[in-house]
Amino acid sequence: MKESTESLNFIEHIIEEDLANGFAKDNLRFRFPPEPNGYLHIGHAASICLNFGLGEKYNAPVNLRFDDTNPAKEEQEYVDAIKRDIAWLGFKWAKECYSSDYFQQLYDWAIQLIKEGKAYVDQQSSEQIAAQKGTPTSPGSPSPYRDRSVEENLDLFEKMKNGEFEAGSYLLRAKIDMASPNMHMRDPILYRIINKAHHRTGTEWCIYPMYDWAHGQSDYVEQVSHSLCTLEFKAHRELYDWYLDQIYDSKLLRPKQREFARRNLSFTVMSKRKLLELVQKKIVAGWDDPRMPTISGLRRRGYTPDSIRKFSDVAGISKRDNVTEVSLLEFCIREDLNKTATRVMGVLNPVKLIITNYPEGKSEILEMENNPELPNSGTHEVPFSRELYIEREDFKEEAGKKFFRLSLGNEVRLKSAYIIKAESVKKDENGNILEIHCTYDADSRSGSGTEASQRKVKGTLHWVSIAHAIKAEVREYDRLFLDEAPDSHEDKNFLDFVNPDSLKIIKEAYLEPYLANASMDEKFQFQRLGYFSLDPDSKSDALVFNKTVGLKDTWAKQNIENPPQNQPKQPQTQTSNQGKRKALNEIQQISKKLTNFSGEKLNGAMSSILELAEEVSYEELSPLFNTAAKKVGTRIGVMLTLSVLLNKGQERNAEIDAFIQSGLEDEHEILKAEAQKLV
RNA sequence: UGGUCCAUGGUGUAACUGGCAACACGUCUGAUUUUGGUUCAGAAGAGUCCAGGUUCGAGCCCUGGUGGACCAACCA
């Protein structure tokens with residue numbers, strides 16, 4: 001068991017409490033229950049890591065159960081992809097299960113329900129049934145077929161099962177409560193007729209159980225102790241329990257469902273339906289497009305299982321709506337790759353550099369560290385010669401004080417090689433730089449131990465020898481959407497926010513020859529650029545690298561004006577994405593802090609209160625006259641608001657006078673002063 | 001208009017039966033650095049949606065508001 005110092009999430013608290021109440025640890029059992037109708041994404045990873053993590057923590061089995069009750073949507077392809085992804089994440093399931101394994105048991109239980117008068121066959125259209133269902137605010141009404149005899153129900157259900165009816169013509173429904181405030185309890189559907197081959201049971205069945213009927217019973221069959229799912233299933237819990245009540249044998253373990261919030265990531269979408277839409281509309285190249293938040297997309301992008309597990313761990317589990325910043329995910333992958341990726345050099349946007357005092361035709365082999373973070377990671381060879389490519393952005397004819405790279409008359413080091421000095425440039429008729437002419441210090445070779453080699457220079461550049469470089473394609477990715485939460489806008493479709501520049505293909509990048517032998521599972525850091533790994537599109541003579549994530553770049557940051565977000569909350573406008581909050585409410589929140597403020601902050605806060613006060617009515621304000629004496633800030637805010645109302649012609653009354661009087665008698669100077677103004 | 005759930009720095013989570021609000025990401029300094037990376041040292045940023053109550057003491061408990069999410073597929 002974990003140290004008690006470690007903080008637990010609320011699910012773990014529930015389990016600890018169950019254990020404390022006598023639940024046997026050996027009976028703990030979990031499951032991850034995907035529907036095989038799409039690929040797993042980073043949101044699923046949260047659930048996978050939660051369930052399998054619990055399994056590891058408590059040494060309990062975790063089943064992988066495919067919730068395959070709808071042959072119209074599900075396919076073997078998805079089953080395979082899901083298994084691959086979970087295994088890749090490094091988790092081992094105890095048993096591979098399928099809801100379809102329990103179809104016979106489910107059917108038998110359904111017969112039992114019918115015999116007990118708790119289920120009936122309906123034969124209305126879906127429109128009729130929907131109409132009878134009522135709305136969340138008004139009760140439903142019973143189906144005319146609700147009170148069929150047991151015999152008739154049994155007979156019809158038998159015929160449904162035998163395929164004697166058309167798809168959609170008959171249903172089996174549970175008889176619960178058409179007036180329940182919980183819509184799911186208004187005679188939910190148990191079975192529907194679907195004439196489609198199932199990926200596992202083929203054409204054996206033509207009736208298929210609904211999610212609610214299958215899920216809890218599957219948990220029960222597998223003796224899952226804690227059935228964890230996302231919040232939108234909260235309302236299903238009552239039904240989950242009702243179904244269990246009907247079939248539960250008290251000698252067996254009774255599963256319980258608990259719900260947690262799904263994890264959202266900023267600048268992307270996280271629903272299988274929407275991801276499928278991106279695939280089908282060819283906005284991305286497929287489920288495993290490196291821009292997709294799918295596990296397979298992240299894998300192709302170069303993310304590691306560890307980084308995803310770390311992300312899930314550090315993001316946590318709770319019950320509130322959330323949008324986690326992608327920067328957290330990026331932190332997790334950088335942290336991992338920094339320790340493991342082999343350092344290499346590649347030039348993405350080349351400009352030619354000629355070392356004029358380096359002998360023509362000469363080349364030499366230099367040594368380069370594989371990974372400075374890993375003590376025994378060794379070195380690899382990198383060829384050096386007279387003509388090199390460096391990054392175009394790494395040269396400026398005239399540099400400012402803060403530019404540490406190459407400029408005319410200044411020295412920089414070429415990583416793992418020599419110190420060079422830029423002497424002149426050759427340009428075309430449009431002024432574009434064609435060549436940079438440099439001289440090098442022959443004594444300054446890295447690792448030679450000479451005094452010259454240890455000289456401090458302002459910058460270090462990566463480079464590649466033109467004669468030895470290999471060409472490769474490099475694909476750089478940016479966020480797929482321009483909006484932080486693209487699917488949270490009622491008035492706009494998430495596709496409206498697709499980033500048109502999310503993919504940048506560099507057809508000819510120049511890489512050091514060492515990379516010719518790169519393998520698919522190797523991770524690289526292209527020095528000063530970021531982390532890269534091979535894309536499966538690669539051929540042995542045509543490599544394709546994906547950029548996983550860039551290095552943190554404090555230089556780039558200086559060149560972009562980014563709005564500081566570490567400022568104290570501006571009291572002025574609190575509109576944000578919370579929708580319009582009531583003005584008074586905002587005033588209250590600002591007022592509360594008034595006594596902590598001084599100077600400009602105080603003035604700012606007070607003037608925004610005065611502004612907001614324009615929208616406040618006397619009826620709203622007057623209850624706050626009773627605000628406790630010790631809550632001075634709120635009382636000042638109320639006093640300010642009152643002054644605005646009085647200015648607008650609000651008549652004075654006893655209530656108002658009393659409030660002003662109380663302010664006059666107060667010890668707090670600001671409050672007293674504001675009250676004074678109203679006398 | 002009903003039911004259910006949620007509300008803690010910019011973001012994500014903590015705070016065990018009430019006890020001076022913690023951690024991570026992000027942001028900003030400075031040092032080190034043959035990656036403007038890493039590492040190291042430090043800083044700013046919330047008084048916990050609002051109000052009332054209980055209490056010596058409330059982010060945690062009670063009451064009433066406010067805001068947000070979910071619920072009416074023969075989907076899961």
Side-chain angles (χ1 to χ4, degrees), chain A residues 4 7-9 13 16 33-35 37 67 69-70 72-73 126 129-130 133-140 167-168 171 180-184 186 189 191-194 208 210-212 214-215 231-238 259 261 263 266 272-273 314-325 327-328 330-332 334 338-339 343 372-373 402 404-405 413-417 419 446-447 453-454 456-457 459-462 525 527-530 551-558 562 564-569 578-579 581-582 584-585 588-589 592-593 596 623-624 626-628 631 634:
Chain A
S4 57
S7 66
L8 306 178
N9 64 47
H13 277 297
E16 289 294 332
E35 182 190 11
N37 70 338
D67 230 328
T69 56
N70 185 0
K73 289 186 173 176
S126 55
I129 290 175
K133 198 140 200 182
T135 71
T137 54
S138 62
L171 292 170
S180 171
N182 184 341
M183 297 294 289
H184 295 100
R186 323 243 261 228
I189 295 166
Y191 278 96
R192 74 285 212 199
I193 300 170
I194 300 176
Y208 290 91
M210 296 289 288
Y211 164 82
D212 290 295
H215 199 93
L231 241 27
E232 64 270 28
F233 290 99
K234 179 65 212 280
H236 293 243
R237 188 149 118 196
E238 192 180 354
E259 311 82 11
R263 178 136 316 271
S266 64
K272 279 195 271 187
R273 206 213 85 223
V314 90
I317 295 289
S318 73
K319 297 178 79 163
R320 2 179 181 152
D321 294 341
N322 58 78
V323 182
T324 304
E325 291 176 348
S327 60
L328 186 62
E330 292 179 342
F331 164 78
C332 293
R334 284 193 187 109
N338 176 50
K339 286 183 291 199
R343 311 292 136 124
E373 309 295 321
K402 287 195 292 187
F404 302 161
R405 285 111 104 135
R413 169 169 308 274
L414 292 175
K415 177 77 186 173
S416 300
I419 292 173
S446 291
S453 74
Q454 281 159 12
K456 302 281 176 215
V457 287
T460 301
L461 306 186
H462 60 276
Q525 184 197 95
Q527 298 222 45
R528 306 208 304 133
L529 295 178
L551 256 27
K552 251 173 72 181
D553 192 345
T554 46
W555 167 242
K557 219 177 299 177
Q558 287 179 42
N562 52 338
Q565 45 178 222
N566 58 333
Q567 294 301 307
K569 250 195 221 169
Q578 295 256 328
R581 216 212 193 103
K582 269 193 152 179
L584 183 61
N585 217 288
Q588 287 175 292
Q589 191 151 28
K592 227 179 129 169
K593 300 169 187 165
N596 303 329
L624 291 178
N626 295 324
T627 301
K631 300 205 170 179
T634 300

Nucleotide opposite [N] in a Watson-Crick or G-U pair, distances under 3.5 Å:
N	answer
G2(B)	C71(B)
A14(B)	none
U66(B)	A7(B)
U34(B)	none

Just N and O in the side chain of [X]: are any of them under 4.0 Å from OP1 or OP2 of [N]?
X	N	result
Ser416(A)	U34(B)	no
Arg192(A)	A76(B)	yes
Lys592(A)	A51(B)	yes
Lys133(A)	A73(B)	no
His462(A)	G36(B)	no
Lys319(A)	C6(B)	yes
Lys552(A)	U38(B)	yes
Lys456(A)	U34(B)	yes
Arg320(A)	U8(B)	yes
Asn585(A)	C50(B)	no
Ser7(A)	A22(B)	no
Thr554(A)	G37(B)	yes
Arg528(A)	G36(B)	yes
Arg263(A)	U13(B)	yes

Between [M] and [N], how far apart are the [atom1] atoms? Round to whole Å, please.
N	M	atom1	value
C20(B)	C28(B)	C1'	27 Å
G26(B)	G10(B)	C1'	8 Å
U8(B)	U13(B)	P	9 Å
A69(B)	U32(B)	C1'	48 Å
C62(B)	C5(B)	P	13 Å
C25(B)	C6(B)	C1'	23 Å
C23(B)	G45(B)	C1'	15 Å

With respect to the side chain of [X], which nucleotide from [options] is positioned closest?
X	options	answer
Pro372(A)	U35(B), U1(B), U13(B)	U35(B)
Thr627(A)	G52(B), A76(B), G37(B)	G52(B)
Pro181(A)	A51(B), G2(B), G68(B)	G2(B)
Asn70(A)	C75(B), C71(B), U1(B)	C75(B)

key: Value in whole Å for how far the C1' atom of C25(B) lies from CD of Glu330(A)   = 11 Å

ask   = What is the distance, rounded to the nearest whole Å, between atom CG of Asp321(A) and atom P of C49(B)?
value = 15 Å

Under 4.0 angstrom, heavy atoms only, what part of the nucleic acid is [X] near: base, sugar-phosphate, or nothing?
X	result
Leu461(A)	nothing
Leu328(A)	sugar-phosphate
Phe233(A)	base
Thr135(A)	base
Asn37(A)	nothing
Gly140(A)	nothing
Gln588(A)	sugar-phosphate
Ala235(A)	nothing
Ala628(A)	sugar-phosphate
Thr634(A)	sugar-phosphate
His184(A)	sugar-phosphate
Glu35(A)	sugar-phosphate
Val457(A)	nothing
Lys234(A)	sugar-phosphate

request  = Please state whether the base of G10(B) and the side chain of Glu325(A) form at least one donor-acceptor pair under 3.5 Å?
outcome  = yes

task = Would you kindly compare Leu529(A) and Val314(A) by the position of their nearest RNA chain B nucleotide and give the one closer to the 5′ end?
result = Val314(A)

inquiry  = Can you work out whether Thr460(A) or Ser138(A) has the more 5'-proximal nearest nucleotide on RNA chain B?
reply    = Ser138(A)

Close side-chain approach of Asn70(A) and Asn37(A), heavy atoms under 4.5 Å = no

message = Would you compute the distance between atom CG of Leu231(A) and atom CZ of Arg320(A) and round it to the nearest 0.5 angstrom?
response = 12.5 Å

Rounded distance (nearest 0.5 Å) linking atom OG1 of Thr627(A) with atom CD of Gln588(A) = 7.5 Å

inquiry  = So is the aromatic ring of Trp555(A) stacked onto the base of G36(B), judging by whether the centres are under 5.5 Å apart and the planes are under 30° apart?
reply    = yes

task = Decide, applying a 5.5 Å centre-distance limit and a 30° plane-angle limit (both strict), whether Phe331(A) stacks on A24(B).
result = no

inquiry  = For Trp555(A) and Phe404(A), take the angle between the two ring planes, folded into 0 to 90°, and tell me which bin it lands in: parallel under 30, tilted 30 to 60, perpendicular over 60.
reply    = parallel

task = Apply side chain to side chain donor-acceptor pair (under 3.5 Å) to the pair Arg528(A) and Thr460(A), showing each step before the final yes or no.
result = CA-CA 9 Å; Arg528(A) 306 208 304 133; Thr460(A) 301; over 6 Å; no

Heavy-atom donor-acceptor pair, Arg334(A) side chain to Gly530(A) backbone, under 3.5 Å = no

